[in-house]
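Note that the structure is a prediction, hence the values are computed from the model and not measured.
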Amino acid sequence: MTRLEPLDLWEQASQDLLVVLRDLGDDDWDRPALPGWTVQDVLAHLAHLESEVAVLPQPVGGAIDVESKANQPMPTDLTRIGVEARRGRSAAELLDEFETACARRREVFAGLDLSDRSQPAPGIVGALGGTWRRCSATAPSTCGSTNRTSAPPPVAP
């Protein structure tokens with residue numbers, strides 16, 4: 001088996017995930033996925049993180065101000081805020097946002113020199129002092145969330 005570069009793996013994983021998510025039925029979106037989260041909440045989380053890395057505008061209430069300095073942890077409120085700001089959106093709208101953000105991420109990455117893994121990453125990860133090394137070493141579609149515990153914080157209904 002050929003080992004993929006982290007950014008190629010990220011791209012493949014996001015495209016594979018879109019295929020799976022598009023096959024879900026209406027009843028699947030409200031199913032529990034993680035403690036305190038539905039399948040739709042997880043999709044909102046992924047759409048949020050991809051849109052942050054793609055440097056896309058956030059919905060009202062979905063942005064968090066951070067002081068730009070080196071090697072900060074990911075703010076725990078970032079996950080909650082990103083999901084809450086997407087409440088009321090349909091699964092189809094979230095799928096579209098996720099797909100658009102993935103496409104924009106590819107454009108952002110294509111315009112950058114990725115050979116220097118010590119340079120700042122785009123979006124919130126870079127604002128927190130994160131580098132390409134940190135960004136590309138995290139799980140696909142969860143760029144920058146390296147300090148997350150096994151379950152996300154609960155999101156208020």
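- With respect to the salt-bridge test (charged N to carboxylate O, under 4.0 angstrom), the residues E99 and R22 qualify.
- Once rounded to the nearest 0.5 Å, the distance linking CG of L46 with CG of L21 reads 7.5 Å.
- Relative to the ring axis of W10, R106 does not place its NZ or CZ within 45° and under 6.0 Å from the centre.
- Considering CZ of F98 and CG of L18, their distance stands at 5.0 Å, rounded to 0.5 Å.
- Summarising the geometry of G88 relative to E93, their closest heavy-atom pair is O-OE1, 4.3 Å, with the distance given to 0.1 Å.
- Remark: T100 engages no residue in a side-chain hydrogen bond (donor to acceptor under 3.5 Å, both in side chains) (not counting sequence neighbours).
- Nearest approach of Q15 to C102, heavy atoms of both residues: NE2-CB, 4.3 Å.
- With E50 contributing its side chain and A47 its backbone, the two residues share no donor-acceptor pair below 3.5 Å.
- Remark: E107 engages R104 in a salt bridge, criterion side-chain N to carboxylate O under 4.0 Å.
- The line from CG of L17 to CD of Q12 is 12.0 Å long, rounded to the nearest 0.5 Å.
- Checked against side chain to side chain contact (heavy atoms under 4.5 Å, CB included), D30 has no partners two or more places apart in sequence or in another chain.
- Every residue was checked against the salt bridge (Lys or Arg N to Asp or Glu O under 4.0 Å) condition with D16, not counting sequence neighbours, and none meets it.
- Applying the side-chain hydrogen bond (donor to acceptor under 3.5 Å, both in side chains) rule to D116 yields the partners S118; only residues at least two apart in sequence or on another chain are considered.
- Atom CG of residue L43 and atom CH2 of residue W37 lie 10.5 Å apart, to the nearest 0.5 angstrom.
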Do any side-chain atoms of residues 52-62 form donor-acceptor pairs under 3.5 angstrom with protein atoms, and if so which ones, sequence neighbours left out?
from	atom 1	to	atom 2	distance (Å)
E52	OE2	H48	NE2	3.2
Q58	OE1	R86	NH2	2.8
Q58	NE2	S51	OG	2.9
Q58	NE2	L56	O	3.3

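- The closest donor-acceptor contact from the side chain of D23 to the backbone of V20 lies at 3.5 Å or more, if one exists at all.
- Distance check: R89 CZ to Q40 CD gives 11.0 Å after rounding to the nearest 0.5 Å.
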